[in-house]
J.: 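Sharing a structure with you now.
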Amino acid sequence: MKTSMVMASSHKIFLLFFFITFLLFPTTQAQTDPYHICSPNKNFAANSAFQSDRARLLSSLASNNATDFNTATVVGRANTVHGLFMCRGDVDLTTCHQCVVNATQRLPSDCPVSKEAIVWYDECLLRYSNRSFFSTVDTRPRIGLLNTQNVSNPASFMRTLYDIMNKTANEAAKPAMGEKKYASTARQASTTRGDILAFRTVYCLAQCTPDLSSSDCSRCLSGAIGDLNWCCDGKEGGRVLYPSCNVRYELYPFYLPEAAAPTPTPAIVPLPGSQGKALTYLLKL
Ligand SMILES: *[C@@H]1O[C@H](CO)[C@@H](O)[C@H](O)[C@H]1NC(C)=O
Ligand SMILES: *[C@@H]1O[C@H](CO)[C@@H](O)[C@H](O)[C@H]1NC(C)=O
Ligand SMILES: *[C@@H]1O[C@H](CO)[C@@H](O)[C@H](O)[C@H]1NC(C)=O
Ligand SMILES: *[C@@H]1O[C@H](CO)[C@@H](O)[C@H](O)[C@H]1NC(C)=O
Ligand SMILES: *[C@@H]1O[C@H](CO)[C@@H](O)[C@H](O)[C@H]1NC(C)=O
């Protein structure tokens, strides 16, 4: 199975870098998590106060094993560093903590001198900045990840997908500011392969950082859902990752069900191929 990855940032040089990367490597490239982005042109001097402030911030975030979301701020002599982590809504606290610890170890080596950086794992995200970003909707930088396997009936599949995604997003956005904003949905969608008309389960997930208000979460998720068109039109799986929210869908379960699994209907016909989880990603712009 082939899968692709789309990356973008508001920064032109950064875009150019990935554009060049794409031209140099137009073939499918294997990618697995984590996916990180270091803000360009916001660097600090190595061994400066910022470096030790960031280390304090990350160790403070890594020391928390009791919640699946947390923020921290370190006020240094010249700078203030803000940071947060959030785990995927279905992930248990032990896995969450492990993911956050991994992220706090990886990010400083991936972005050694960046004043602002973010890393997305399958199970968590971690970000920090010298700018205060709590309770603000950040939709950049963004990453799109796609499964290059095509659905055979893209127009009707995407209509169904947007409908499910929209409902999932509405659920995720309901809780008030400060509360967990996560929802997952599994629903049957019709699909065809060759002459076979069948139904397959589409698994959808939407999540915002809990520091957003309900309406800001909705706004963020609307943008991410709109970007599914940009990255993943007609594909069997896709993700749009923003700093403040993210959405994902697949034709296999990738999260733990919140409630009962969808009831299988007699119409289900097992389809050959493309059921696996093995994903490879193509860097694309
Ligand atoms: C958190 O850490 C404490 C102290 O190391 C430990 O006793 C506790 O079991 C941990 N909790 C979780 C959810 O991992
Ligand atoms: C954290 O890193 C360890 C060691 O590399 C790895 O075994 C584990 O799967 C990682 N956990 C998460 C949740 O990323
Ligand atoms: C963050 O750092 C950048 C680069 O040094 C600087 O231009 C910007 O003013 C800083 N922002 C804040 C809020 O301190
Ligand atoms: C999916 O469709 C696109 C455009 O029609 C095509 O270029 C691509 O090769 C197809 N991918 C697969 C895995 O069949
Ligand atoms: C879902 O669609 C409805 C109706 O078009 C709209 O009012 C709502 O804002 C949408 N929700 C999201 C999260 O996009």
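When reading the values below, keep in mind they use all heavy atoms of this one structure, side chains included, and skip hydrogens, waters and symmetry mates. Note that ligands are numbered from 1 as they come in the structure, with each ligand's atoms numbered from 1 the same way. For the single chain, residues carry numbers from 1 onward in sequence order.
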J.: My understanding is that only residues two or more places apart in sequence, or in another chain, count here; which of them pass salt bridge (Lys or Arg N to Asp or Glu O under 4.0 Å) with Glu171?
T.: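 In terms of salt bridge (Lys or Arg N to Asp or Glu O under 4.0 Å), with neighbours along the sequence ignored, Glu171 is linked to Lys174.
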J.: When the ring planes of Phe50 and Tyr128 are compared, do they come out parallel, tilted or perpendicular, using 30° and 60° as the limits?
T.: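 Phe50 and Tyr128: tilted rings.
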J.: Are any of the N/O atoms on Asn150, whether in the backbone or the side chain, positioned under 3.5 angstrom from an N/O atom of ligand 4?
T.: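 Yes, there is a polar N/O contact under 3.5 Å.
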J.: Applying salt bridge (Lys or Arg N to Asp or Glu O under 4.0 Å), can you list everything that pairs with Asp110, at least two apart in sequence or on another chain?
T.: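 Residues passing salt bridge (Lys or Arg N to Asp or Glu O under 4.0 Å) with Asp110: Arg106.
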J.: Taking 4.0 Å as the limit for heavy-atom contacts, which would you say applies to Lys235 with ligand 4: side chain only, backbone only, both, or neither?
T.: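 The part of Lys235 near ligand 4 is the side chain, not the backbone.
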J.: Could you name the protein residues that come within less than 4.0 Å of ligand 3, counting only heavy atoms, and order them by chain and residue number?
T.: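 Residues Lys42, Lys115, Asn130 each place a heavy atom under 4.0 Å from ligand 3, listed by chain and number.
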J.: Cys124-Cys87 sulfur separation below 2.5 Å?
T.: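 Cysteines Cys124 and Cys87 do not qualify as a disulfide pair, their SG atoms being 2.5 Å or more apart.
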J.: Do you know which two heavy atoms are closest between Thr67 and Leu93, and how far apart they sit?
T.: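 Result for this residue pair: C-CD2, 3.6 Å.
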J.: Considering the heavy atoms of Thr148, write down every atom of ligand 4 situated less than 4.0 Å from one of them.
T.: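 With Thr148 as reference, the close atoms of ligand 4 come out as 11 (N), 12 (C), 13 (C).
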J.: Under the rule for salt bridge (Lys or Arg N to Asp or Glu O under 4.0 Å), what residues qualify as partners of Arg131, not counting sequence neighbours?
T.: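 Arg131: salt bridge (Lys or Arg N to Asp or Glu O under 4.0 Å) contacts with Glu116, Asp138.
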J.: Does NZ or CZ of Lys180 fall inside the cone over Phe69's six-membered ring, less than 6.0 Å from its centre and within 45° of the axis?
T.: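 Ring-cation test returns no.
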J.: Under 4.0 Å from any heavy atom of Gln98, which atoms of ligand 2 are there?
T.: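 In order of numbering, the contacting atoms are 11 (N), 13 (C).
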J.: Do Arg127 and Phe133 form a cation-pi contact, if we require the NZ or CZ to be under 6.0 Å from the six-membered ring centre and within 45 degrees of the ring's axis?
T.: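 Judged by the rule, Arg127 and Phe133 form a cation-pi pair.
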J.: Can you name the atoms of ligand 2, numbered from 1 with element, that are less than 4.0 Å from a heavy atom of Asn102?
T.: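 The atoms of ligand 2 under 4.0 Å from a heavy atom of Asn102 are 1 (C), 2 (O), 3 (C), 8 (C), 10 (C), 11 (N), 12 (C), 14 (O).
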